[in-house]
Amino acid sequence: MEMEMTSLVWEEIERSESYLVCSMYEEAASSATSVLKRIRDNPSNLSVHDDGNLELYDMMESAGMVLVQSLKELQRTSRIVDELRALFVSVEAIPVQVLLTGVCFQISEGSTLGVREFLEEFLCKWRNVDEIYFVLVGAEGTLDFKEGCDSHFAMGIGKYMEVVELYAVTLLAKVSNDVELAISWVEKAALPEEKRQGLLRKLHSLCSSNVTNMSQDSSSHLLEGKNAADSSQLPKPTLLEGSSKALKKSYQLNGKSNSKQAILKLTSRANGCLWFFRNISFKFGNVQLVISGGRIFLGFLIFLIYYVLHRKRASLQRIVWRQVLATKKAMVDLWQLAFSYQVNPLAAVQSLPAATSGSR
């Protein structure tokens, strides 16, 4: 009966994973929740082997991972911590990978309500043994711990330090922006000395970068205030006309004169660029002759072309004549080639002389 119950739980876990892969997140969350409730309420009904605790731990980890991923896809990340609290007997009973994933999801969505207390409660439930692994407070220190195999009562130092870094560096230092509190907590926590120093270096670098950013911001604010004070101390312009109306009028006149000067400057530049289109006038007594500069330029261009053609006429004639001769020769060769091949019309009906003589 217990074996059958265990196989049914694994089948339900596989079904929930299939729902998750098929993007059926509501069904996946419901199926994973059902599995976790069954394990929580009746753990003794499950058949276990020699590594029974590890198998039960794997069941909860698999179902818990399906649950947190489904809640994220269903836009319910703010409820992940509450759901984990409700579905497990205690905080320390939550598989560490499920806890890390769920808390990371909730922090990434900007929802940190209850996360700090949740992590503090989890961390205080474990104690370090020989700087090799952590055991649950109250459990015997002689547990047979296998590296890479976390269980209800023992946890590898790497996994525990991941939770510590999530709490101290990510939550306290970065999200809450309280680096001093994070440094104080790490200094007092029961951690391996090498791991503690690594975390302290990381936190001190964060603290120094925050101080640098704050000093840059304060200096920029002081510079802006100084510029504003200098501008306020500048002498204010006096109204010589005696009224703002006169000042406005003079400003309009100045604006008009400036615009006129700009237009004149542009027209002078345009005229300089189009000098050959100007009209040229000739006066002979009482008769005045006006000739466009464009016509003069066109006439000069025609004369230049005529002069070049006249000087190079012999060369152009030779070139044209060569092209004509070459074309004529190519046509003659093509004609001769087309009609030089002779065809015998009787070849199709003629018998083979060699074959007939041989038969005789």
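Only heavy atoms go into these numbers, but all of them, side chains included; no hydrogens, no water, no symmetry mates.
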Any side-chain donor near an acceptor of the partner, S90 and E92, under 3.5 Å: yes
Derivation and outcome, side chain to side chain contact (heavy atoms under 4.5 Å, CB included), residues W185 and L123: CA-CA 12 Å; W185 186 90; L123 291 170; 3.8 Å; yes
May I ask you to check whether E73 and Q69 show a side-chain donor-acceptor distance below 3.5 Å? no
Please say yes or no: joined through hydrophobic side-chain contacts below 4.5 Å, possibly via intermediate residues, are V89 and Y57 part of one cluster? no
Taking S31 for the side chain and A28 for the main chain, is one N or O donor matched with an acceptor at less than 3.5 Å? no
Can you confirm whether L316 is buried at CG, in the sense that more than 12 heavy atoms of other residues, nucleotides or ligands lie under 6.0 Å from that atom? yes
R85/E121 salt bridge by N-O under 4.0 Å criterion: yes
Would you say S34's side chain and S30's backbone share a donor-acceptor pair under 3.5 angstrom? no
Is a salt bridge present between E26 and R76, judged by a nitrogen-to-oxygen distance below 4.0 Å? yes
Do you reckon F118 sits in the same ILVMFWY cluster as M155, going by side-chain contacts under 4.5 Å, direct or chained? yes
Hydrophobic cluster membership, with links at side-chain heavy-atom distances under 4.5 Å among I/L/V/M/F/W/Y: are V175 and V103 in one? yes
Between R15 and E27, is there a side-chain N and carboxylate O pair less than 4.0 Å apart? no
Would you call the rings of Y306 and H310 parallel, tilted or perpendicular, taking 30° and 60° as the class edges? parallel
If you draw a 6.0 Å radius around CD in E194, do more than 12 non-hydrogen atoms from other residues or ligands fall strictly inside? no
